[in-house]
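Accompanying notes for the structure given below.
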Amino acid sequence: MDTFYVALHIALLYYLITPGSPTCLTGCSCTDDNLGRSLICMETSMGQIPEDIPHDFIKIRIENCHLTELPRGAFSQISALEFLWLNFNEITLMNIKSLDGLTNLTELRLQGNKLTSVTWTAFQDTPKLKILDLKHNRLDILPEHALRHLPALTYLDLSFNQLSVISKDVFINWPLYQTAEKAWGKEGLVSNVVLALHDNPWLCDCRLKGFVEFIRAVSPPIILMNSYLMCSGPASKAEKFFHEIQLKTCMNPVASAPETNITLPLGANATLTCLVKARPGPTIQWMYSLKIIRGFAATETHIDEETVTSQLVIPTLHLADRGLYTCMANNFIGNSSVSITVNINSSDPSALLPPPVPILSSDENPYIEIRIAKQTVYGITLEWYAATDNPAETWFTIHFGKYDSHKKEMIYIGPGINSYTVSDLLPVTKYEVCVTLKNHPPREGQCIVFVTGSDISELEQRERLIHIIVIVCAMVLAVPAGMYACTTEARFSCVDHCVKLWKKRRLHGEDLQGAERQGTFDSLQAASDEGLCRDSEEKPKKRRKSEDKIKAGSAAHLY
């Protein structure tokens with residue numbers, strides 16, 4: 001009889017720990033040991049954290065299972081959980097309440113994921129956390145109060161990430177560091193705190209001064225897993241260890257110019273020089289008539305670690321080029337500027353005033369083909385081709401702004417440049433951009449009208465383009481040459497109809513055809529025949545070649 005009970009006990013135990021049993025998840029294994037009950041899922045394509053995980057686990061290990069995010073309250077029902085390992089997944093997003101309910105968690109390992117940031121306030125729900133492993137992610141910033149909610153932490157691994165600049169205040173604000181000497185100075189309470197910060201691309205300029213000094217002063221009970229931290233930049237300090245370098249305090253930019261008043265003859269080449277001293281290195285922009293000059297040739301030369309010379313070259317001076325030019329330098333501390341006045345001498349009295357903008361006939365209007373060549377999350381890149389007699393000397397003007405605005409921003413583009421990037425676009429906004437010869441008004445075929453999409457979530461921002469949804473829906477609004485064109489008579493109804501249709505479908509939660517397409521315009525070609533913007537009463541629009549429309553002098557505009 002005793003033998004029977006022993007056999008029954010063994011069979012019952014085997015049934016409980018066998019994968020696929022009612023108390024375990026399919027494709028996973030469940031075990032019991034001296035630490036308690038454990039769930040182990042390895043190389044199972046679950047995609048997301050299961051909702052039916054039993055509540056009695058002390059340890060959960062889900063690795064190589066293609067998880068992409070830690071959603072809100074993912075383990076909130078497993079209040080006894082102490083060990084959570086989610087290594088080698090594809091986690092890119094961590095919800096602010098992803099650790100809700102895990103008051104007993106002592107170990108969290110997220111090695112080998114794709115986290116670019118961590119919601120550090122999430123650790124308010126894990127006051128007992130002692131081990132936090134974040135190595136081999138993509139973290140590029142560590143806020144000053146990142147460790148504020150980790151008073152019990154004794155192991156922090158941030159190695160093999162993308163950290164370049166960090167403040168020593170990250171550790172000064174750490175409650176455990178603040179109380180270290182008082183608590184660990186007592187007999188019997190000595191403990192070690194291990195930090196791993198190696199193999200990050202540290203940028204050893206003035207911004208890292210405090211952190212470098214902190215690393216040099218680190219002593220037990222705080223221990224660096226690898227104390228030989230190395231600089232990745234700038235070039236003068238690359239591949240040097242922290243203990244080999246001396247860093248200076250950061251300095252506000254100071255801009256100056258050898259000459260602040262220049263007079264040159266009409267048609268001459270002008271070179272404006274600006275000298276900037278700053279720590280860290282500044283960003284330098286040239287302004288003319290309160291507009292940023294993006295088309296002129298500006299070059300920078302680094303004289304030493306804190307001195308930069310910027311030169312703005314204005315080829316073949318025109319009367320329209322005279323005026324006040326400003327060199328603006330800024331870094332994270334502040335900014336500085338210096339202005340240079342450009343005067344032009346002309347032997348022709350009639351040339352003292354700039355000539356009026358000529359009104360060109362359709363025969364004299366050069367052929368300019370413009371298209372959207374590339375999209376980013378918040379902008380587009382334009383490319384154009386102009387059939388001119390002297391392309392090496394041809395200047396262009398870009399007219400850019402909201403569609404219904406009569407006053408557009410004008411940017412002058414120098415010879416030899418045929419692309420321009422528009423950034424910082426607003427969502428759900430209609431824009432117009434035109435490319436013309438310098439100082440000429442826009443004409444037929446030289447403009448593109450496009451509509452940006454709606455704002456999207458943080459996760460989607462990392463993976464998608466905000467314009468794709470609207471461009472697929474309103475393919476006549478923003479397409480490269482060779483796709484659809486709207487005639488002048490139809491363009492307004494076409495734009496408005498597409499926008500209304502898109503908003504209506506968004507309101508009712510419908511998915512637009514092709515809305516999930518990503519990438520380049522090549523992915524939109526297939527959608528151009530789907531008639532997304534046509535209703536039952538509207539006649540299908542004919543496909544036209546944009547180049548033929550422009551050359552024929554018709555009233556077509558590319559959108």
Assess the side chains of [X] and [Y]: does a donor N or O sit below 3.5 Å from an acceptor N or O?
{"X": "Glu63", "Y": "Asn87", "answer": "yes"}
{"X": "Thr326", "Y": "Trp286", "answer": "no"}
{"X": "Lys277", "Y": "Thr307", "answer": "yes"}
{"X": "Lys128", "Y": "Asn104", "answer": "yes"}

I'd like to know if the side chain of [X] and the backbone of [Y] have a donor-acceptor N/O pair within less than 3.5 Å.
{"X": "Asn137", "Y": "Asn161", "result": "no"}
{"X": "Thr106", "Y": "Glu82", "result": "yes"}
{"X": "Asp125", "Y": "Gly101", "result": "no"}
{"X": "Asn331", "Y": "Gly334", "result": "yes"}
{"X": "Arg109", "Y": "Leu132", "result": "no"}
{"X": "Arg37", "Y": "Cys30", "result": "no"}

Separation of [Y] [atom2] from [X] [atom1] (nearest 0.5 Å):
{"X": "Asn113", "Y": "Phe88", "atom1": "CG", "atom2": "CZ", "value": "9.0 Å"}
{"X": "Thr44", "Y": "Asn64", "atom1": "OG1", "atom2": "CG", "value": "9.5 Å"}
{"X": "Lys97", "Y": "Leu70", "atom1": "NZ", "atom2": "CG", "value": "14.0 Å"}
{"X": "Asn200", "Y": "Leu142", "atom1": "CG", "atom2": "CG", "value": "9.5 Å"}
{"X": "Leu163", "Y": "Arg138", "atom1": "CG", "atom2": "CZ", "value": "14.0 Å"}

Parallel, tilted or perpendicular: rings of Phe160 and His136 (30°, 60°):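 The arrangement is parallel - the two ring planes meet at less than 30°.
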Mutual orientation of the aromatic rings belonging to Phe211 and Trp202 [parallel < 30°, tilted 30-60°, perpendicular > 60°]: tilted
Note: Lys130-Glu107 ion pair, threshold 4.0 Å (strictly below): no
Salt bridge present between Asp404 and Lys402 (N-O < 4.0 angstrom):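 Looking at Asp404 and Lys402, the cut-off is not met.
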Working for disulfide (SG to SG under 2.5 Å), residues Cys250 and Cys206: CA-CA 5 Å; Cys250 291; Cys206 66; 2.1 Å; yes
Among Val193, Leu147, Leu197, Asp133, the one residue meeting side-chain contact (heavy atoms from CB on, under 4.5 Å) with Leu156: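 Going through the options one by one, the only one that passes is Leu147.
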Tyr431-Tyr403 aromatic ring centre distance below 6.0 Å: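 Centroid distance Tyr431-Tyr403: not below 6.0 Å, so no.
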Side chain to side chain, Asp33 and Ser38, heavy atoms closer than 4.5 Å: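 Yes, side chains in contact.
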Cys231/Cys204 sulfur gamma separation below 2.5 Å: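 A disulfide is present here, as the SG pair of Cys231 and Cys204 is separated by less than 2.5 Å.
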Listed pairs under 3.5 Å, donor-acceptor, residues 233-241 side chains, sequence neighbours left out:
from   : atom 1 : to     : atom 2 : distance (Å)
Ser236 : OG     : Glu305 : OE2    : 3.0
Lys237 : NZ     : Glu305 : OE1    : 2.9
Lys237 : NZ     : Glu305 : OE2    : 3.1

Over 12 non-hydrogen atoms of neighbours within 6.0 angstrom of CZ in Arg72: no
Verdict with reasoning, Lys408 to Glu432, per salt bridge (Lys or Arg N to Asp or Glu O under 4.0 Å): CA-CA 9 Å; Lys408 299 290 196 297; Glu432 182 177 40; 3.7 Å; yes
Listed partners of Val118 passing side-chain contact (heavy atoms from CB on, under 4.5 Å), at least two apart: Met94, Leu115, Trp120, Phe123, Leu134, Leu139
